[in-house]
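To keep things clear, I will list the structure first and then write my remarks on it.
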Amino acid sequence: MVQIVIWVSIIHGFFPKLYHVAPLEKLMTGSAGFSAEVSDLITRSAGVGEIIFGLCLFVFYKHKHLVALNILALMRLLLAVVVMQPQLLIEAFNPVTTNLPLIGLSVIWLKEIKQLNNRYL
């Protein structure tokens, strides 16, 4: 479960944002009013950030604050889509089908960390 959340962060940072910028990624940043060049820079920076965050989750997988931050970030990203591009919610591989399962897995992960910490207290 932990590995799934980590790998999805890294894969979603690399393929649709760095390797080949996906049209939906361009649409999201472009809808915020940025030029094509700035939109591309923001998208690629977000990809780098996601990869770094995934690596941090890998290294610090027992830190509940980092997992909680992951949950908040996924919820915020989903909310951003709802506000800025709600039609994307029905596309294939949309934020609902990607973010909600990751949020659920992260909540389970957070509960496991808390249980582990309670055992050692």
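The analysis underlying the following values was restricted to heavy atoms, covering all of them including side chains, and did not include hydrogens, waters or symmetry mates.
With rounding to the nearest 0.5 Å, the separation of NE2 in His65 from CD1 in Ile113 is 10.0 Å. How far CD1 of Ile11 is from CD1 of Ile4: 10.5 Å, rounded to the nearest 0.5 Å.
A heavy-atom distance below 4.5 Å is not found between the side chains of Val8 and Thr98. A heavy-atom distance below 4.5 Å is not found between the side chains of Val38 and Thr29. You'll find the side chain of Leu88 reaches within 4.5 Å of the side chain of Met28, heavy atoms only.
Placement of Leu89 and Leu27 within a single hydrophobic cluster is found when ILVMFWY residues are connected by side-chain heavy-atom separations under 4.5 Å, directly or transitively. One hydrophobic cluster, built from ILVMFWY side chains closer than 4.5 Å, cannot hold both Phe93 and Tyr19; they sit in different ones. Both Phe53 and Leu110 belong to a common hydrophobic cluster when Ile, Leu, Val, Met, Phe, Trp and Tyr are linked at side-chain heavy-atom distances under 4.5 angstrom. There is no path of hydrophobic side-chain contacts, each under 4.5 Å, that joins Phe34 to Leu24. Following chains of ILVMFWY side-chain contacts shorter than 4.5 Å, one can reach Phe60 starting from Ile6, so the two form part of one hydrophobic cluster.
Between the side chain of Trp109 and the backbone N or O of Tyr61 there is at least one donor-acceptor pair closer than 3.5 Å. Formation of a donor-acceptor pair under 3.5 Å by the Lys17 side chain with backbone atoms of Glu25 is not found in this model.
The two residues Leu57 and Ser9 come nearest to each other via the heavy atoms CD1-OG, 4.2 Å.
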Expected list for residues 66-86: side-chain donor-acceptor pairs under 3.5 angstrom, two or more places apart:
from  : atom 1 : to     : atom 2 : distance (Å)
Asn70 : ND2    : Ser106 : OG     : 2.9
Gln85 : OE1    : Gln87  : NE2    : 2.3
Gln85 : NE2    : Ser31  : OG     : 3.3

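Applying the side chain to side chain donor-acceptor pair (under 3.5 Å) test to Asp40 and every residue at least two apart in sequence or in another chain returns Arg44.
For Phe58, the CZ atom sits in a loose shell: 12 or fewer heavy atoms of surrounding residues, nucleotides or ligands are nearer than 6.0 Å.
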